[in-house]
Amino acid sequence: MAKKNIFTDAFGTPYFLKRFIIFILGVVSYRRFNGFNKLKITGTEHLVDLPDSNVLFVSNHQTYFADVAAMYHAFCAVNNGYLNTIKNPIYLLNPKIDFYYVAAEETMNKGILPKIFKIAGAVTVKRTWRAEGKNVNRMVDMSEVDNIMKALDNGWVATFPQGTTSAFAQGRRGTAKLVKNQRPIVIPIKINGFRRAFDKKGLRVKVTGVKPTMEFKAPLEIDYDKENAHEILLKIMTAIEQTEDFNVLHSYDEELKAKKLEQKDSDN
């Protein structure tokens, strides 16, 4: 597989260009996370002693771009010794450049700004179950899997196992299979409040005064020799709190149904 060098990343993108784009996007987005809305970050102490490669961050997903932009701020801050804070944006002068994130190809090809985000570190994939607003059923493109593995071999990678911004959506087995085969260090990220603060794309501030949160959890303990993909996926979805056990509305609906059924039985 390709390797990074002192001038370019694993995919041939010049580092000077990535640094420039990350700096500009960081400056533009800074007030969104430390002005209009105050982003609260916790758990970045878990990132301090991580290796430079083969680290996979798994996260729930609430907007197309704000989630990833906040991660860049957090990683750049940690890269410069600032833990659980992004209050000193000087960290943007020395960004974390070997960071990649998995994104839907159709999302990254719509408009100029997404294409700029793409240069910053996107590893694009074609969703096998959804395309252009319609349900599809297509095979996994193995070249895309190779690209994710290439990114892991050369840096940190963030992925969203649900593949959608919908809360409590089913996790995709592809993430668990990748974890099983590549055996990375897996760091769960739990985000909240981004959906309230920003529009769906994450480009426009929808409401001010919201305090979005981003929690980095301890690395998952995974027995790669004994645990199968299904068990790994369940462990991931539990860690990012996206199983039905965490769905308060689902629990409320189930309780309501049970009460109605009980009432119906008593009436009979």
Side-chain angles (χ1 to χ4, degrees), residues 11 13 18 21-22 24-37 39 41 56-76 86 95-96 99-136 141 144 147-148 151 156-172 174-175 188-208 210-216 236-237 240-242:
F11 299 94
T13 304
K18 291 188 72 171
I21 289 176
I22 293 171
I24 294 299
L25 292 177
V27 169
V28 171
S29 63
Y30 181 73
R31 287 196 66 197
R32 297 168 185 263
F33 301 118
N34 200 41
F36 300 117
N37 297 294
L39 175 65
I41 302 174
L56 183 68
F57 295 87
V58 291
S59 177
N60 61 314
H61 202 19
Q62 295 193 343
T63 71
Y64 292 166
F65 299 111
D67 308 7
V68 173
M71 290 179 193
Y72 268 108
H73 279 282
F75 293 145
C76 291
I86 60 169
K96 176 73 175 176
F99 166 61
Y100 307 90
Y101 60 96
V102 180
E105 185 179 81
E106 63 179 278
T107 300
M108 304 309 296
N109 289 332
K110 293 180 179 179
I112 295 176
L113 193 57
K115 290 179 180 178
I116 295 175
F117 265 103
K118 185 176 179 179
I119 296 173
V123 180
T124 59
V125 297
K126 294 183 289 292
R127 287 182 293 195
T128 58
W129 69 97
R130 191 80 173 167
E132 298 180 354
K134 299 179 181 179
N135 293 329
V136 298
D141 187 337
E144 296 173 347
N147 283 338
I148 299 174
W156 294 359
V157 177
T159 189
F160 305 94
Q162 293 165 289
T164 176
T165 57
S166 299
F168 304 105
Q170 178 182 353
R172 298 291 165 177
T175 299
I189 304 175
K190 166 65 187 309
I191 66 171
N192 195 26
F194 284 74
R195 186 178 286 111
R196 294 194 301 274
F198 307 102
D199 66 347
K200 187 173 183 179
K201 289 184 177 180
L203 300 176
R204 181 175 60 84
V205 175
K206 186 168 64 175
V207 179
T208 60
V210 177
K211 295 183 178 180
T213 61
M214 177 170 284
E215 177 186 0
F216 294 88
I236 289 172
M237 297 304 291
I240 64 175
E241 301 181 20
Q242 287 296 297

*Would you indicate whether the side-chain heavy atoms of L39 and I86 approach each other to under 4.5 Å?*
yes
*Verify, without hydrogens or angle tests, whether R32 (side chain) and L203 (backbone) share a donor-acceptor contact under 3.5 angstrom.*
yes
*About how many Å separate CD1 of I236 and CG of L56, when rounded to the nearest 0.5 Å?*
7.0 Å
*For S166 and R195, work out which heavy atoms get closest and say how close.*
C-NH2, 4.2 Å
*How far apart are the C-alpha atoms of I148 and T159, what are their side-chain angles, what is the distance that settles it, and do they pass the side-chain contact (heavy atoms from CB on, under 4.5 Å) test?*
CA-CA 10 Å; I148 299 174; T159 189; over 6 Å; no
_Between CD1 on residue I22 and CZ on residue F75, distance to nearest 0.5 Å_ = 11.5 Å
*Name all residues meeting the salt bridge (Lys or Arg N to Asp or Glu O under 4.0 Å) criterion together with K96; count only those two or more places apart in sequence or in a different chain, and write none if there are none.*
none
*Apply salt bridge (Lys or Arg N to Asp or Glu O under 4.0 Å) to E215 and list each qualifying residue two or more places apart in sequence or on a separate chain.*
none
*Within a radius of less than 6.0 Å around NZ of K190, do more than 12 heavy atoms belonging to other residues, nucleotides or ligands occur?*
yes
*Whether H61 side chain and T63 backbone form a donor-acceptor pair below 3.5 Å*: yes
*Taking the six-membered ring for Trp, are F99 and F57 parallel (under 30°), tilted (30 to 60°) or perpendicular (over 60°)?*
perpendicular
*Quick one: are the ring centres of F33 and Y72 less than 6.0 Å apart?*
no
_Applying salt bridge (Lys or Arg N to Asp or Glu O under 4.0 Å), can you list everything that pairs with K118, at least two apart in sequence or on another chain?_
none
*Y101 OH to S59 OG distance, which is reported to the nearest 0.5 Å*: 14.0 Å
*With a cut-off of 6.0 Å (strictly less than), are more than 12 heavy atoms of other residues, nucleotides or ligands near CD of Q170?*
no
*asked:* Looking at every heavy atom in both P114 and M108, which two are closest together, and how far apart are they?
replied: O-CE, 3.2 Å
*Please round to the nearest 0.5 Å and tell me the distance separating atom OG1 of T213 and atom CD1 of I191.*
8.0 Å
*Expected output: side-chain N37 to main-chain V207 donor-acceptor under 3.5 Å*: yes
*Please confirm whether the backbone N or O of G171 pairs with a side-chain atom of Q162, one donor and one acceptor, at under 3.5 Å?*
no
*Can you tell me how far CG of L113 sits from CG of L25, rounded to the nearest 0.5 angstrom?*
6.5 Å
*Checking side-chain contact (heavy atoms from CB on, under 4.5 Å) against F194, which of V210, T165, D67 comes through?*
D67
*asked:* On a heavy-atom basis, which atom in I119 and which in K18 lie closest, and how many Å separate them?
replied: O-CG, 3.9 Å
*Could you go step by step and tell me if K206 and F198 meet the side-chain contact (heavy atoms from CB on, under 4.5 Å) rule?*
CA-CA 5 Å; K206 186 168 64 175; F198 307 102; 5.5 Å; no
*Report yes or no: does N109 contribute a side-chain atom to a donor-acceptor pair with the main-chain N or O of E105 at less than 3.5 Å?*
yes
*Once you round to the nearest 0.5 Å, how far does CZ of F11 lie from CG of N147?*
4.5 Å
_Quick one, F117 with Y64, criterion ring pair (Phe, Tyr, Trp, His ring centres under 6.0 Å). Give me CA distance, side-chain angles, the key distance, then yes/no._
CA-CA 11 Å; F117 265 103; Y64 292 166; over 10 Å; no
*Looking only at heavy atoms, what is the nearest atom pair of P188 and I240, with distance?*
CB-CG2, 4.1 Å
